[in-house]
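What follows is a short report on a single structure.
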Amino acid sequence: MKKIEKRLGKIKGFSIQFLPFSEIRDLDSTQRIRKILSIVLGNNILILQGKLQPDEETRLIGDTMAMIGHIKSFKGIELAVISGNNENEGFYSKFKSGLASALTGGNINAVTIIGPATIVKEMKRNPKKIELLLK
Amino acid sequence: MVIKIFKNFFKRIFSNIFKSKSHIKLGFYGPPNAGKTSLANRICKDFTGEEIGKISKIPHETRSVQFKEKVDIEYKGRVMTFKLIDTPGIATKIDYEDFMKFKLKKNEAKKRAKEATQGVVDAIKWLDDMDVVVVVLDATENPYNQVNITIIGNLVARNIPVLVVANKIDLKKADIKKIEAAFPEYDVVGISAKYGANLEEFYESVFELSKKI
C-alpha cells in the first residue's frame, strides 16, 4: 500500500496499459476489480477490451470511493465505455458478434477506459468517440 | 404441511397486492448537482408541506440517504402512496480541493469529501431496495456520462422501472433532445424542479411506471 502511495505522490508521467478480455475472463468480480484497480493505482490508464457487468461497474465505483482518503493522493477514477453500435448490421453480422461475445464471456465489441483522476481530468464521451483530457 | 403451504401462498399473494397499492419506494438517483433533492423537495412540499433535505450549489450537499415516508401523491383524482428516497449523487471521483473552490476551509472540504465518498457507497447499496427509480440528469450537461449509463444499466439488470428526468429546462443551455438521443429506450421528461415546470407530465409518468411493479 505504501508503495502505491509513493507512486501516486510523485506523478511525473503515466503509461497506457492494454488488457485483453481473456486476461479477466476467468476471474470472478472481486478479482477483476482488484486487477483493474491495481493497474489504475500504478498510475496507468487502462484500456480494457470488453466491458464489465453493470453490478461490477457499481462495485468498481464503490471500491474506488472506499479507497479515497485511505490511499494518499488517490482521488478516484475517470471511466468511460464505448460499445460497438451494431444497429445497422445484418442478421449474420449480429449473430457473429453475439456468438463471439457468448464464447468469450463478455462484450468484446466494447472498449472500457479507466484512468486515475490525478492524471485524467475528464473523459468526454459521445456515442462514437471518447476524448481524454489530461491534467 | 398442506395448511402451511396454503398459508404461505396466500401470504405471498396478499403481500404482493399490498406492495402494489401502497408505499411504493421511489428513489432519486443521478450524478451530483443534477437536482435530485430539489425535485424530491418539490414533491414533498406539494403533498406534505415539508422538505426532504437541504440544497446547495456546492456538489455533494446530500451525503446520506434521506427519506420521506407516506407521501400521498394525487394526480387527476388518483392517489398513490410513496416512500421517497433521495440518494447522494454518484461520482467516480471526489477531490476535496474542488470543494475549496466554493470557499470551504481545508478541514471542512476534507470532511465533506469523506462523507461524500461514503454517500456514494450508500447510494449504490440502496439500489436493491427500490421499486421505481427516477434518474435525474442535468439537461445542460453531456448525458453520455458513464455514471448515468452505469446507474441505468444496474436498474435494468435489477428489473427496476426507470424514468429519466431532464432537469433544469429553464436554463438556456438545456438540451432535452440530447438526453432523449442518449437514452432512446426510456421515457424522458423535461422539468424544472426549481420552478415546478412540467411536473404534471412527471407525475403522469411516475404513476404509469408504478403500475409496472
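The chains referred to below are lettered A, B, ... by the order of the sequence lines, with proteins before strands, and numbering in each begins at 1.
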(message) Report, in residue-number order, which members of residues 139-154 of chain B are under 4.5 Å from chain A by heavy-atom distance.
(response) B/Asn142, B/Tyr144, B/Gln146, B/Ile149, B/Thr150, B/Gly153, B/Asn154
(message) Non-hydrogen contacts under 4.5 angstrom with chain A: give the residues of residues 34-43 of chain B involved, or none if there are none.
(response) none
(message) With a 6.0 Å cut-off (strictly less than), is the heavy-atom count around CZ of A/Arg34, excluding the residue itself, greater than 12?
(response) no
(request) Return yes when atom CG of B/Asn107 has more than 12 non-hydrogen atoms of other residues, nucleotides or ligands closer than 6.0 Å, and no otherwise. (result) no
(request) Tabulate, in ascending numerical order, the residues of residues 113-127 of chain B having at least one heavy atom closer than 4.5 Å to a heavy atom of chain A, or enter 'none'. (result) B/Thr117, B/Val120, B/Val121, B/Ile124, B/Leu127
(request) Look at atom NZ of B/Lys212 and say whether more than 12 heavy atoms of other residues, nucleotides or ligands are closer to it than 6.0 Å. (result) no
(request) Pick one of side chain, backbone, both or neither for A/Thr64, based on which atoms fall under 4.5 Å of a heavy atom in chain B. (result) side chain
(request) Considering only heavy atoms, give the residues of residues 83-102 of chain B separated from chain A by less than 4.5 Å, sorted numerically, with 'none' for an empty result. (result) B/Ile90, B/Ala91, B/Thr92, B/Lys93, B/Ile94, B/Asp95, B/Glu97
(request) Kindly check if the number of other-residue, nucleotide or ligand heavy atoms within 6.0 Å of CD1 (B/Ile55) is above 12? (result) no
